[in-house]
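Report on the structure given below.
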Number of protein chains: 2
Amino acid sequence: MSIHEVARRAKVSIATVSRTINGVSTVTPQLSRRVWRVIEELGYYPNTQARSLVSGRSRIFGLIVSEITNPFFPEIIQGFEDIAVQNNYEILTTSTVHDPKRIALSVRRMIERRVEGVAIVTFGMEEALFDDLKSRKIPLVFIDVGPPLPRISNIRIDYQHGIREAVQHLAALCHERIAFISGPLILKSAMARQRAFIESMEEIGLAVDPNHLIEGDHTMEGGIKALKKILNFPKRPTAVICSNDMTAIGVMRQSYEEGVHIPRDLSLVGFDDIRLAQFMIPPLTSIKMSQTEIARMAFNALLSEVQRDIPSPDGTEYVLRTSLVLRDSTAMAPAGARKKVSVLKKSAE
Amino acid sequence: MSIHEVARRAKVSIATVSRTINGVSTVTPQLSRRVWRVIEELGYYPNTQARSLVSGRSRIFGLIVSEITNPFFPEIIQGFEDIAVQNNYEILTTSTVHDPKRIALSVRRMIERRVEGVAIVTFGMEEALFDDLKSRKIPLVFIDVGPPLPRISNIRIDYQHGIREAVQHLAALCHERIAFISGPLILKSAMARQRAFIESMEEIGLAVDPNHLIEGDHTMEGGIKALKKILNFPKRPTAVICSNDMTAIGVMRQSYEEGVHIPRDLSLVGFDDIRLAQFMIPPLTSIKMSQTEIARMAFNALLSEVQRDIPSPDGTEYVLRTSLVLRDSTAMAPAGARKKVSVLKKSAE
DNA sequence: AAAATCCGAGAAAACGTTTTCTTGAATGAC
DNA sequence: GTCATTCAAGAAAACGTTTTCTCGGATTTT
């Protein structure tokens, strides 16, 4: 039951039991053995609540994700959990399903549980929702593109690198009209990806038709809708880059529906490189953003923040690089639409 | 900071603050207002640990799943979380990745946190691992096929119904040689599905070729391997039923690789009906086992167990029905292999 | 051999709550 | 007008730990 019961049966004080369990200070081997035996006999497990009440350390980290049903996130959660186990931490996960109320509630619960830190892996949210955390000086780590905020660590994703690779890859396959399906543009991260796309296109001297920037919503349904739009354009793009893999899956699905063959009629590039990508038909070329790595970085950021007695005035910035993974969903542009230098100018208008 | 600070500033006792917060017993409206104002001002959130230490109720349920990276589980987690939020519970989720050590650790942590109940949604595990929970009389709910154990609730999945529908559907399409890719047969649930398949086949008068019972492992990779085997059989099956959708996705993937067209050359049925199923190419016919429903049942089972002051001697048994969802991955058997009555006997040998 | 030091282990305080017990003022009954 | 009753709010105990303080016996030092 409680430590008192153990103490009573072992005929020692509760202090000795506590010391035995924590292996701290010195306890005679003889006594220690006696105590351990009683603990085993009783199947006694210490009460974490009481423990952390007095120690002031909960050994819990919070993890807030956008929506657990998007396969991108479970990989992160798993990675986070794996490393948490190694470090004797527990995690309290919340899937906010994009509901500000849920986020607020979750933040509140985490504070009430006195979590030692919170990792926020949700692409875009109202930052004000986390003010409570900030004002309580609870270590925070965001996964985003923003500049380091005071006292808040940030894992910046280098979207540019992977996207540039994708654009170059498509250009090398003579694609000229490349569309980009973004996430909801209110999100900073979605905006950043789109900007990276535009910059990469300009860099390489390809024109971006504003019509070819389509706002999606990071879901498969969004991918379906987006492709429908794309197919209605008078000058169809010959390649599409999606800002996440779920969107790309939707695009593939709708292409099948409409008889558009990937990659023969349309080249497709995803983003995130979720595990599923390689099992798609055809296997999806995607821009990798290692979920395991994100999880590892986020956890370590929190851990080092917690272990540091004097918190760093500014948060630390970590950077995660993205890079293209080639598979079978991209191919040479259809013969009729291949890029020729002379065409370039014209199609830019 | 703490309730004392609030009490000091509002010039009341801590008891009054506690009463105000909990809205229990009577506290003068005037005082109540004064207290609430201070609470707001200070941004005071009560410490859950202290709370549940004295109240003896943690308001946490544990949720143990096999592997969060299998899309089947996130849907359950989301459902569980949704209903938990409504009921003011929090959940501690663990993805065990099939590691008994991880399960044991997780169980231990949950006991240490004094969870009020645990839902175990992992298809097959050593039950002994949960003895600690049982002996502490912590409400438990399993998702499985077993008979109700003493004091343990159980959500039995009626595999038979959905599988029978699938077999009948395939038979109606003149399939005769139907293969079944199971999960790891050490798992009770995997065994149950396979048995349901065999029984359904016999029921309808179709022979089961023992070679056509292939043991998979519930992963996409397992599906790939299984299909390779199947394609090597002298008398190829014309239809395959998989015991989960991930396996089916692997099968689709490998079919593509080998130039086997689904559903023209091979009909395919999955199991679970995860959301992804409808986005596959072609959309996957699958046996639906509603994840939301499982989550709801599991949560309610725990909740009613907790609320009941005298625990029921035996656990309650709940039943979830499965049923076939038709999509495009099944079609008429190839002309050469259609079932004829006269052939039936012969092919059974 | 006496004094000084060390150290193992118990007593008790503390953590932040809820809840029971107590108190004292106000209300109602006669 | 006195006494009983009610009820709001404070005091204090309790929850199960960790940790500081204290004590007393054993060991070391001279």
Side-chain angles (χ1 to χ4, degrees), chain A residues 1-36 38-39 42-60 88 90 108-116 136 138, chain B residues 1-36 38-39 42-60 88 90 108-116 136 138:
Chain A
M1 209 59 170
S2 87
I3 204 174
H4 289 94
E5 179 71 5
V6 177
R8 206 174 56 74
R9 296 219 194 185
K11 299 194 203 313
V12 296
S13 71
I14 60 165
T16 301
V17 178
S18 173
R19 282 192 274 253
T20 305
I21 290 173
N22 295 299
V24 74
S25 171
T26 37
V27 151
T28 308
Q30 181 200 7
L31 265 199
S32 174
R33 267 198 305 278
R34 206 163 84 208
V35 171
W36 276 120
V38 176
I39 289 178
L42 253 51
Y44 163 76
Y45 289 167
N47 182 325
T48 311
Q49 297 161 150
R51 260 186 164 182
S52 56
L53 180 58
V54 43
S55 74
R57 309 218 26 205
S58 64
R59 296 203 79 83
I60 303 187
N88 247 295
E90 285 172 80
R108 168 160 201 147
R109 294 269 177 273
M110 287 182 178
I111 295 175
E112 288 178 346
R113 290 247 174 245
R114 303 295 191 260
V115 297
E116 295 182 23
R136 282 174 171 78
I138 297 176
Chain B
M1 208 60 169
S2 88
I3 204 175
H4 289 94
E5 178 71 6
V6 177
R8 205 174 56 73
R9 296 220 194 184
K11 299 195 203 312
V12 295
S13 72
I14 60 165
T16 301
V17 178
S18 173
R19 282 192 274 252
T20 305
I21 290 172
N22 295 299
V24 75
S25 171
T26 39
V27 76
T28 308
Q30 180 199 5
L31 264 198
S32 174
R33 269 198 304 276
R34 205 164 84 207
V35 171
W36 275 119
V38 176
I39 290 178
L42 253 52
Y44 163 75
Y45 288 167
N47 182 325
T48 310
Q49 297 160 151
R51 260 187 165 182
S52 57
L53 179 58
V54 44
S55 74
R57 309 217 27 203
S58 63
R59 296 205 78 83
I60 303 187
N88 247 295
E90 287 172 78
R108 168 157 201 148
R109 294 270 177 273
M110 288 183 178
I111 295 175
E112 289 177 345
R113 290 245 174 246
R114 303 296 190 259
V115 297
E116 295 182 23
R136 282 173 171 79
I138 296 176

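Owing to the predicted nature of the structure, the values given are computational and were not obtained by experimental measurement. All heavy atoms count here, side chains included; hydrogens, waters and symmetry mates do not. Below, read A as the first sequence line, B as the second, and so on, with proteins coming before strands; counting in each chain starts at 1.
Across the protein-nucleic acid pair, B:Arg34 atom CZ and D:dA9 atom C1' stand 11 Å apart, rounded to whole Å. Atom CZ of B:Arg8 is separated from atom C1' of C:dG16 by 16 Å (rounded to the nearest Å). Across the protein-nucleic acid pair, A:Ile14 atom CD1 and C:dG10 atom P stand 11 Å apart, rounded to whole Å. Between the C1' atom of D:dT18 and the CZ atom of A:Arg59 lies a distance of 15 Å, rounded to the nearest Å. Rounding to whole angstrom units, NZ of residue A:Lys11 and P of C:dG10 are separated by 12 Å. Atoms CD (B:Gln49) and P (D:dA14) sit 23 Å apart, rounded to a whole Å. The distance between atom NE2 of B:His4 and atom P of C:dT17, rounded to the nearest whole Å, is 8 Å. Following rounding to the nearest Å, B:Asn22 (CG) and D:dA9 (P) show an atom-to-atom distance of 16 Å.
Contact check on B:Glu90 versus A:Arg113 returns a salt bridge, with a Lys/Arg side-chain nitrogen under 4.0 Å from an Asp/Glu carboxylate oxygen.
Side chain B:Arg114 to base D:dG16: no donor-acceptor pair is found below 3.5 Å.
Heavy-atom nearest nucleotides on DNA chain C were determined for A:Val27 and for B:Thr16, and the one closer to the 5' end corresponds to A:Val27. Closest-nucleotide positions on DNA chain D for B:Leu53 and B:Leu31 were compared, and the one nearer the 5' end corresponds to B:Leu31.
Relative to the side chain of A:Val54, the nucleotides D:dT17, C:dT18, C:dT20 differ in distance, and D:dT17 lies closest. Each of C:dT18, D:dT18, C:dT19 was ranked by its minimum atom distance to the side chain of B:Arg51; first place goes to C:dT18.
The shortest side-chain heavy-atom distance between B:Leu31 and B:Thr20 does not fall under the 4.5 Å cut-off. A heavy-atom distance below 4.5 Å is not found between the side chains of B:Ser52 and B:Arg114. You'll find the side chain of B:Asn88 reaches within 4.5 Å of the side chain of A:Arg109, heavy atoms only. Between B:Val38 and B:Lys11, the closest side-chain pair of non-hydrogen atoms is not below 4.5 Å.
Between B:Tyr45 and C:dG16, a side-chain N or O to OP1/OP2 separation shorter than 4.0 Å is absent. Remark: A:Asn47 is not in phosphate contact with D:dC15, judged by side-chain N or O atoms under 4.0 Å from OP1 or OP2. Residue B:Thr28 places at least one side-chain N or O closer than 4.0 Å to OP1 or OP2 of D:dA9. Of the side-chain N and O atoms in B:Ser18, one or more sit less than 4.0 angstrom from OP1 or OP2 of C:dT18.
Across all strands shown, B:Val24 has no heavy atoms under 4.0 Å from either base or sugar-phosphate atoms.
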